[in-house]
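Keep in mind that this is a model prediction, so the values were computed, not measured.
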Amino acid sequence: MEFIDLKTQYRRLEPAIRARIDAVLAHGHFIMGPEVAELESALAASTGARHAITCASGTDALLMPLLAWGIGPGDAVFTTPFTFFATAEVIALVGATPVFVDVDPVTFNISPEGLERAILAVKRRDPSMHPLPRRAVEEGLTPRAVIPVDLFGIAAEYDELLPIAREHGLLVMEDAAQAFGGRYKGIPLCGLPCHAATTSFFPAKPLGCYGDGGAIFTDDDALAATLRSLRVHGKGSDKYENVRVGINGRMDTLQAAIMLPKLEILPEEIAARQRVAAGYGERLAGIPGVTPPTVPAHCLSAWAQYSILYDNRDALAAHLKAGGVPTAIYYPKPLHVQSVFAHLDHAADDMPISASLSRRILSLPMHPYLEESDQDRICQLIAAYRG
Ligand SMILES: *Cc1c(COP(=O)(O)O)cnc(C)c1O
């Protein structure tokens, strides 16, 4: 049994993917070939965003809007400590300070009330309102942006987050690396009225390529133009005129070509993921000590992960492994206590919900092709476990 099975999808799409790869090998435009523009149009159409700008990874997708907005030293960027490292890494990479806001205990996404308190605490330099990084108290920081993460495929609470951000003049960048294909109140993720949204096409994400890749979505024409420049070394009207400092952040033509057939079947795969998640829900209901995930009624999860909570998590994971079932822990250590952020001066219980989740979370095998017989086995092992 595989934790995420990529081979079944490949067997299904093999002729289409191979034909696309062959076409690229024949035309030879390996950098910014026609498949890149074709994919960008298809991505924009599938989300409703005006612009989709592909790039080299989900991390570059997060980095480039921060560069475009000139976010840097002295700026505060708010995000969750219960996410993949890249979300906060890009904030530090541009020289800004991550201000962590604890998560909602049900959705595991950034708490809107927590965000509001954190913004006020930064403005007032008052750590009694919200646990602040040392620099926010000693030198003061300017609140500039918030990066909500749609963790495991479930959208953050945008109808509450966006008005708070608007009131305080913050830019909003949705990190939908785990949620492409999901919806919030019927709207496709990456098509919400955020200033920018990003996703990752890392192979294991709900929509993956066969290497690294990512994309940025925005309705803002000026931002889109700056992002297209940033991803090619800050080019101006041509490649050898440089008007800003950028990066080499392009997506390979081959990866774009591989993704085109995958994007076509994404809606079907998202539907299959709902069936798998429902199958887990039925089988896990009533097993003592197991808390299955809860999706708010107004969200359609992309189900990047199916994560349960269990107090004796490590022992359960070992029991499943012994029974041939792979599991994963996202995330064993919240970001506010990572050693690279020691200078922020946080204690683990500054973000108590994230700290607790990191000890109890366990992700079970999840992909659109998971068989019912495998789900039976996984859930029988969990039900039989006494520990
Ligand atoms: C995977 C992921 C990223 C980074 O994407 P890469 O393509 O691996 O660079 C960023 N944020 C979140 C929440 C992720 O899950």
Side-chain angles (χ1 to χ4, degrees), residues 20-21 23-25 27-44 49-73 75 77 84-96 145 147 171 173-177 180 190 195-205 207-218 220-260 262-263 340:
R20 282 290 190 171
I21 291 174
V24 176
L25 297 180
H27 70 54
H29 298 288
F30 298 117
I31 301 295
M32 299 305 278
E35 287 80 1
V36 173
E38 187 181 346
L39 178 65
E40 289 181 344
S41 305
L43 288 170
R50 233 169 114 76
H51 303 277
I53 296 127
T54 56
C55 60
S57 68
T59 306
D60 280 357
L62 289 164
L63 174 63
M64 288 195 282
L66 298 182
L67 293 173
W69 290 327
I71 289 176
D75 292 335
V77 179
F84 180 60
F85 182 59
T87 316
E89 182 182 32
V90 292
I91 300 168
L93 194 58
V94 299
I147 312 180
L171 295 154
M173 175 161 70
E174 173 189 9
D175 180 350
F180 196 81
C190 296
H195 298 88
T198 70
T199 197
S200 163
F201 302 129
F202 183 84
K205 308 283 181 175
L207 177 62
C209 55
Y210 289 160
D212 278 304
I216 308 160
F217 300 79
T218 185
D220 178 340
D221 296 343
L223 175 63
T226 305
L227 293 171
R228 291 183 193 283
S229 161
L230 279 169
R231 80 172 163 186
V232 190
H233 304 288
K235 72 175 169 121
S237 51
D238 80 75
K239 188 165 136 186
Y240 297 109
E241 191 210 1
N242 303 92
V243 296
R244 55 175 62 81
V245 172
I247 61 174
N248 176 353
R250 298 169 297 231
M251 172 183 269
D252 292 354
T253 310
L254 275 170
Q255 296 302 341
I258 288 162
M259 280 187 61
L260 280 160
K262 285 168 157 257
L263 179 59
V340 66

Side-chain (S229) to main-chain (K235) donor-acceptor, under 3.5 angstrom: yes
H29 side, atom NE2; I31 side, atom CD1 - distance, nearest 0.5 Å: 12.0 Å
Near-ring test F217/F180, centroid separation under 6.0 angstrom: yes
Step-by-step side chain to side chain contact (heavy atoms under 4.5 Å, CB included) determination, L227 to L223: CA-CA 6 Å; L227 293 171; L223 175 63; 3.8 Å; yes
Inter-residue atom distance L62.CG - T198.OG1, 0.5 Å rounding: 4.0 Å
Sidechain N-carboxylate O distance under 4.0 Å for D60, R231: no
A196 to I216 - nearest heavy-atom pair and separation: CB-CG2, 4.4 Å
Derivation of the side chain to side chain contact (heavy atoms under 4.5 Å, CB included) call for T199 and K205: CA-CA 9 Å; T199 197; K205 308 283 181 175; over 6 Å; no
Under 3.5 Å: donor-acceptor pair, side chain of T59, backbone of A86: no
K262 side-chain N/O to G208 backbone N/O, donor-acceptor pair under 3.5 Å: yes
Beyond-backbone contact of M173 with D175, side-chain heavy atoms, under 4.5 angstrom: no
Pair T253-E35, side-chain donor/acceptor within less than 3.5 Å: no
S237 backbone acceptor or donor facing E241 side chain under 3.5 Å: yes
Stepwise side chain to side chain contact (heavy atoms under 4.5 Å, CB included) check, F30 with L25: CA-CA 8 Å; F30 298 117; L25 297 180; 4.1 Å; yes
Donor-acceptor contact below 3.5 Å, side chain T218 vs main chain H195: yes
Heavy-atom pair of closest approach, residues C190 and A49: O-CB, 3.7 Å
Side chain proximity check, M251 to L39, heavy atoms < 4.5 angstrom: yes
Approximate separation, where rounding is to 0.5 Å, of I71 CD1 and L63 CG: 11.0 Å
Exam field: side chain Q255 to backbone Y210, donor-acceptor pair closer than 3.5 Å: yes
Heavy-atom pair with the smallest gap, counting every atom of P203 and G211: CD-O, 3.1 Å
Nearest-0.5 Å distance that lies between atom SG in C209 and atom CG in L263: 12.0 Å
Note, I21 side chain near L254 side chain (heavy atom, < 4.5 Å): yes
Side-chain donor/acceptor of T54 to backbone N/O of E40, under 3.5 Å: no
Nearest heavy atoms of H51 and D220, plus distance in Å: CD2-O, 4.0 Å
Interatomic spacing from CG in N248 to CG in L230 - rounded to 0.5 Å: 12.5 Å
Side chain to side chain contact (heavy atoms under 4.5 Å, CB included) between L207 and L43, intermediate numbers included: CA-CA 11 Å; L207 177 62; L43 288 170; 4.3 Å; yes
